[in-house]
Amino acid sequence: MIRVIVSGITGRMGREVARMVLEEPSFKLVCGVALNTTEQQTKVVFERDTAQVPCFSTLAQAFKLCQAEVVVDFTTQVVVEQHIRLAATHGVRAVVGTTGLSSKKIEALSKFCAKKKAGVIMAPNFSIGAILMMQFAAQAAKYLPHVEIIELHHDHKLDAPSGTAVRTAELVSQARVKSATYEDSLDKEVLQGARGAVHKGSHVHSVRLPGLLAHHQVLLSDEGQLLSIRHESFNRSSFMPGVKMAIKKVLGLNKMVYGLDKLVACGK
């Protein structure tokens, strides 16, 4: 059995991950980490039938008191970098769903993990459908180079644009053929920001509204035609197959892999 720590276990994603780990016969949930707990609140934070999971206020404390092979981290930008380095130092693999880190920080973490031979999978989205959306968009961008990305999330999401939208723009940029001439439109913004942000040559638009969860649409066009690729997650269970796969795959890694798309190949 793969022994797993869930960091951020009291959050929405953390609770869903804990439930999945408890239900998966090949996993064992050894403990959780809840950054907002106090020493008096670290006894039990998750109950399912007769299962009781101890929780600690820091990942360092969890590593000290629990033996684990993988830590799944859904916390915040403030602590995730420290958590990845801490896991690498303790020889524990990490599956990271926390988003919002800059490309420079991700590159620095990748070099650190390579030096430590530490296995890490960091992904902006763990939904298999969203990964396929990104791959389909990258394929289409070879022929339809004009791309705009719209992402819609719940109003409690901390970062904008979403990591998925950023990753999609990066994959689209890599896929565009060098000979394709992509020029931004000549329109002028009457209201600043009306055309969204621009990342790697694609406009990215963020929407934050209560009642939403995670929704992405990629619009690709060329003269006289439009292709729309859309993916929607209606509940957090949609991310669990990807998290489960990452927990199993990360045990065979000795470096950081960014993006679940590297583990999911179209047509396989």
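The closest side-chain heavy-atom distance from V120 to L253 is not below 4.5 Å. Counting only heavy atoms from C-beta outward, the side chains of T99 and L101 never approach each other to under 4.5 Å. Side-chain atoms of R176 and P145, non-hydrogen and from C-beta on, do get closer than 4.5 Å to each other. Between C113 and K255, the closest side-chain pair of non-hydrogen atoms is not below 4.5 Å. Taking the side chain as every heavy atom from C-beta outward, Q217 and E148 never approach each other to under 4.5 Å. You'll find the side chain of V70 stays beyond 4.5 Å of the side chain of I5, heavy atoms only. The shortest distance between side-chain heavy atoms of F63 and L86 falls below 4.5 Å. Residues V53 and L29 are in side-chain contact: their nearest non-hydrogen atoms beyond the backbone lie under 4.5 Å apart.
Contact detail for F74 and G97: the closest heavy-atom pair is CE2-CA, 3.4 Å. Closest approach of M20 to I247, counting heavy atoms only: CE-CD1, 4.1 Å. Among all heavy-atom pairs drawn from M1 and F27, the shortest one is CE-O, 2.9 Å. For V172 against A141, the heavy-atom pair with the smallest separation is CG1-CB, 3.7 Å. Nearest heavy-atom pair across L260 and G242 is CD2-CA, 3.9 Å. The two residues A62 and V33 make their nearest non-hydrogen contact at CB-CG2, 3.8 Å.
For the pair K157 and D159, the salt-bridge criterion is met [side-chain N within less than 4.0 Å of a carboxylate O]. A salt bridge does not link R19 to E23: none of the charged nitrogens lies less than 4.0 Å from a carboxylate oxygen. Using a 4.0 Å cut-off between charged side-chain N and carboxylate O, K28 and E69 make no salt bridge. A salt bridge links E107 and K111; the closest N-O separation between the charged side-chain nitrogens and carboxylate oxygens is under 4.0 Å.
When atom types are taken as modelled, the side chain of H154 and the backbone of H156 share a donor-acceptor pair closer than 3.5 angstrom. Side-chain N or O atoms of S110 include none that pairs as donor or acceptor with a backbone N or O of I106 at under 3.5 Å. A distance-only check finds no donor-acceptor pair linking the side chain of T10 to the backbone of A34 [under 3.5 Å]. Remark: the backbone N or O of K244 is not paired with any side-chain donor or acceptor of E24 at under 3.5 angstrom. Judged purely by atom type and a 3.5 angstrom limit, S173 has no side-chain atom pairing as donor or acceptor with the backbone of A169. A donor-acceptor pair is defined here as one N or O able to donate and one able to accept, closer than 3.5 Å; such a pair exists between the side chain of E189 and the backbone of R195.
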Problem set entry | Candidate pair V204 and V198, rule side-chain contact (heavy atoms from CB on, under 4.5 Å), full reasoning | CA-CA 6 Å; V204 182; V198 178; over 6 Å; no
Exercise. What's the verdict on salt bridge (charged side-chain N to carboxylate O under 4.0 Å, His left out) for E16 and R12, showing C-alpha distance, side-chain angles and the deciding distance?
Worked result: CA-CA 7 Å; E16 193 67 38; R12 295 180 181 90; over 6 Å; no
Exercise. For D155 and L209, what are the C-alpha separation, side-chain angles and deciding distance, and is it a side-chain contact (heavy atoms from CB on, under 4.5 Å)?
Worked result: CA-CA 5 Å; D155 56 335; L209 289 171; 5.9 Å; no
For this session: Test H153 against E151 for side chain to side chain donor-acceptor pair (under 3.5 Å), laying out the working first.
Result: CA-CA 7 Å; H153 281 80; E151 57 95 352; 2.7 Å; yes
Problem set entry | Residues V147, V218; criterion side-chain contact (heavy atoms from CB on, under 4.5 Å); working and verdict | CA-CA 7 Å; V147 181; V218 187; 3.7 Å; yes
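Looking at H215 and E232, their side chains do bring a donor and an acceptor atom within 3.5 Å of each other. There is no side-chain donor-acceptor pair under 3.5 Å between T168 and H216.
A distance of 6.0 Å or more separates the ring centres of H203 and H146.
Residues V250 and V4 fall within the same hydrophobic cluster, defined by Ile, Leu, Val, Met, Phe, Trp and Tyr side chains chained together at heavy-atom separations under 4.5 Å. Under the 4.5 Å side-chain heavy-atom criterion for grouping Ile, Leu, Val, Met, Phe, Trp and Tyr, I229 is not connected to L152 through any hydrophobic cluster.
Residue Q225 places its CD atom among more than 12 non-hydrogen atoms of other residues, nucleotides or ligands, all under 6.0 Å distant.
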